[in-house]
**Q** 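Quick one: structure below, then a few questions.
Throughout, protein chains are lettered first and strands after them, A, B, ... in sequence-line order, and every chain is numbered starting at 1.
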Protein chains: 2
Amino acid sequence: MVRQTKENAELTRQRIIDAARQVFLARGVSRTSMEQIATAAGVTRGAVYWHFSNKTELFSVMREQVFLPLIDRMDDNLQLENNEDPLTQIENFLNGTIQALNESSATRETYEIMMIKCEYVEEFSEVLRQILNNCDGIIQKLEQLYQRAKNKRQLRASQDPEQLALDTHLFFSGLLHMWVKDIDGSHFRKRTHSLIANHIDLRRN
Amino acid sequence: MVRQTKENAELTRQRIIDAARQVFLARGVSRTSMEQIATAAGVTRGAVYWHFSNKTELFSVMREQVFLPLIDRMDDNLQLENNEDPLTQIENFLNGTIQALNESSATRETYEIMMIKCEYVEEFSEVLRQILNNCDGIIQKLEQLYQRAKNKRQLRASQDPEQLALDTHLFFSGLLHMWVKDIDGSHFRKRTHSLIANHIDLRRN
DNA sequence: TTGCTTACATACAAATATGAATGTATATTA
DNA sequence: TAATATACATTCATATTTGTATGTAAGCAA
């Protein structure tokens, strides 16, 4: 088979991305060779290089396929116009992210690759900066929501929205890391819901 | 120079470990070759292979040089016999760990390597399990301290020591990650102290 | 239908890495 | 002080990986 139709080529491209995710997950990004990805996708390196100029680009595409939609969802979920009560809105946002991990293996695997199967050096340190920037956005939105909660007297007195937002972000950042590392689910995965509820409850008036 | 005295050999060994840390930090563990480590240490690969059987062993030794003392310090700091008030004890423990990062570049660099310059696959997944186990120990001790705090009526009513311990652990886990990633210090490093104080304050009666 | 392009496969050259084997001069020990 | 073990350096054989270059059959446009 030498020349595919356009749609088939698109399928091949996606198969390569999926294969890359599998191999990255199993062997780590650095140890993964283009040959291994090609084999896993059922093509040769020629095909991989035709679709992607190198491993870094392939990694970026894989990452963006999962993260761009995720960021959109976050933006939706953290909208200020939402008329739910702010604290519940935050809780829903946190739960929603965990739900995305539970429901989509591509999302789950990509998170795992990015957290414990990737070394952030050279070309990859750019990715780190993007992550940091994304964090900033989330923190800002959390702060605004906490501010609204404060205005509505939902918070116990003397709580600073900025500090609460940072605390929540760090909590959730830690939770995601533990969720990913806790592969067998015994420690954290099963308790996520109550951990989040408790975290929010600490703030409630 | 062909045969060193025992003490000199020990110095060489330590130079190799320090060199490995530098190269791991700059290039990531996977991309680092024994040759690069040797060059950085001012020896040849022969010397490196003489002291360490392979890169994995060298990595483990580097890690343990920093983490074993650190775990000891944690154990000391979280002792129940300490007669300080429990919440302050937790706060001191958290601040102490951050202080260790600030004061020792070896500690700081090793943390950074382990968090964003290492891929936890194959031989390295064992390390992940060790980390998880260590976390369990910390969580348990935090829980006991929160229990003592509760007995002393330091906590606001209806707070569960186990949940508080988990929340604190996740907060601190996230903080360490952000601390490491936030290289230029603009986002988190400078505010660590107040973040910790605020986290503990949320619990105080 | 012809001719150009596409979507790959195959082949090639260069670089890099590893572990082990071997060499060797000096510490150390008996 | 002779024998041996140590602390390396040097050499070697063997993989692996990468990017590119080239080949090729089939799709597609004119």
Side-chain angles (χ1 to χ4, degrees), chain A residues 1-62 113 117-119 121-124, chain B residues 1-62 113 117-119 121-124:
Chain A
M1 146 256 288
V2 198
R3 164 88 193 257
Q4 306 272 16
T5 170
K6 271 190 186 178
E7 305 116 53
N8 274 349
E10 193 50 44
L11 289 181
T12 301
R13 187 184 136 95
Q14 187 58 48
R15 272 214 313 282
I16 292 172
I17 297 173
D18 293 337
R21 183 157 18 79
Q22 300 301 332
V23 186
F24 286 160
L25 190 67
R27 318 218 341 130
V29 176
S30 289
R31 294 180 178 204
T32 296
S33 70
M34 294 300 242
E35 176 72 41
Q36 291 163 357
I37 294 173
T39 302
V43 294
T44 64
R45 266 172 53 240
V48 179
Y49 274 105
W50 200 86
H51 285 284
F52 308 94
S53 63
N54 52 40
K55 199 165 69 175
T56 307
E57 187 191 326
L58 182 42
F59 174 87
S60 293
V61 172
M62 175 205 73
I113 291 165
K117 267 98 191 256
C118 177
E119 298 175 357
V121 289
E122 320 251 322
E123 327 92 80
F124 291 93
Chain B
M1 146 256 291
V2 198
R3 164 88 195 255
Q4 306 271 15
T5 171
K6 271 189 186 178
E7 305 115 55
N8 275 347
E10 195 48 45
L11 289 181
T12 301
R13 186 184 136 95
Q14 186 59 48
R15 273 214 313 280
I16 291 172
I17 296 173
D18 293 337
R21 183 160 13 83
Q22 301 300 332
V23 187
F24 286 160
L25 190 68
R27 317 220 341 130
V29 176
S30 290
R31 295 182 178 204
T32 296
S33 70
M34 294 298 243
E35 175 73 40
Q36 290 163 356
I37 294 173
T39 303
V43 294
T44 65
R45 267 173 51 238
V48 179
Y49 276 106
W50 168 252
H51 285 283
F52 308 93
S53 63
N54 52 40
K55 201 166 69 176
T56 307
E57 187 189 327
L58 181 43
F59 174 87
S60 293
V61 171
M62 176 204 73
I113 291 166
K117 268 96 192 257
C118 178
E119 299 176 358
V121 288
E122 321 250 324
E123 328 90 82
F124 291 94

**Q** Give the residues of residues 21-50 of chain B touching DNA chain D, defined as any heavy atom closer than 4.0 Å, sorted by residue number.
**A** V43(B), T44(B), G46(B), A47(B), W50(B)
**Q** Could you state the CG-P distance from N8(B) to dA25(C), rounded to the nearest angstrom?
**A** 19 Å
**Q** Residues two or more places apart in sequence or in another chain: which of them pass side-chain contact (heavy atoms from CB on, under 4.5 Å) with Q14(A)?
**A**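 Once residues adjacent in sequence are excluded, the partners of Q14(A) under the side-chain contact (heavy atoms from CB on, under 4.5 Å) criterion are I17(A), D18(A), Q65(A).
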**Q** What residues in residues 9-17 of chain B put a non-hydrogen atom under 4.0 Å from any atom of DNA chain D?
**A** A9(B), T12(B)
**Q** Measuring from R15(B):CZ to I37(B):CD1, what's the distance to the nearest 0.5 Å?
**A**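 One finds 14.5 Å between CZ of R15(B) and CD1 of I37(B).
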**Q** Determine: side-chain N/O of S53(B) to OP1/OP2 of dG19(C), distance under 4.0 Å, yes or no.
**A**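 Answer is no, no contact under 4.0 Å.
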**Q** According to ring-ring contact (aromatic ring centres under 6.0 Å, His included), who are the partners of F124(B), at least two apart in sequence or on a separate chain?
**A** F59(B)
**Q** Does a side-chain N or O of H51(A) approach OP1 or OP2 of dC8(C) to a distance below 4.0 Å, or not?
**A** yes
**Q** Please tell me if the side chains of R27(B) and V121(A) come closer than 4.5 Å, counting only heavy atoms from C-beta onward.
**A**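 In short, these two side chains do not touch, never coming nearer than 4.5 Å.
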**Q** From the list dT18(D), dG19(D), dA7(C), which nucleotide is the closest neighbour of the side chain of K55(A)?
**A**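 The answer is dT18(D), which lies nearest to the side chain.
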**Q** Between dT26(C) atom P and E7(B) atom CD, what is the distance in whole Å?
**A** 18 Å
**Q** Under 3.5 Å, side chain of E119(A) to main-chain N/O of S30(A), donor-acceptor pair present?
**A**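 Absent.
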**Q** Where do N or O atoms of nucleotides 1-5 of chain C meet protein N or O atoms at under 3.5 Å, pair by pair?
**A**
unit_1	atom_1	unit_2	atom_2	d
dT5(C)	O2	R3(A)	NH1	3.1

**Q** Do K117(B) and F24(B) have side-chain heavy atoms sitting under 4.5 Å apart?
**A** no
**Q** Report yes or no: does E123(B) contribute a side-chain atom to a donor-acceptor pair with the main-chain N or O of T56(B) at less than 3.5 Å?
**A**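 It does not hold such a pair.
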**Q** Using the side-chain hydrogen bond (donor to acceptor under 3.5 Å, both in side chains) rule, pick out the option among K55(A), E57(A), H51(A) that qualifies with S53(A).
**A** E57(A)
**Q** How close do I16(A) and V48(A) get, counting heavy atoms only, and between which atoms?
**A**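 Of all heavy-atom pairs spanning I16(A) and V48(A), the closest is CD1-CA, 4.0 Å.
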**Q** Do the side chain of N8(B) and the main chain of L11(B) share a donor and acceptor less than 3.5 angstrom apart?
**A**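 No; zero donor-acceptor contacts below 3.5 Å.
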**Q** Please state how far atom CZ in F52(A) lies from atom P in dT20(D), giving the value in whole angstrom units.
**A**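 Spelled out: CZ on F52(A) to P on dT20(D) is 17 Å.
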**Q** Can you give me every donor-acceptor pair (side chain of residues 38-46 of chain B, partner residue at least two apart or in another chain, under 3.5 Å) with its distance?
**A**
unit_1	atom_1	unit_2	atom_2	d
T39(B)	OG1	E35(B)	O	3.0
T44(B)	OG1	G46(B)	N	3.4

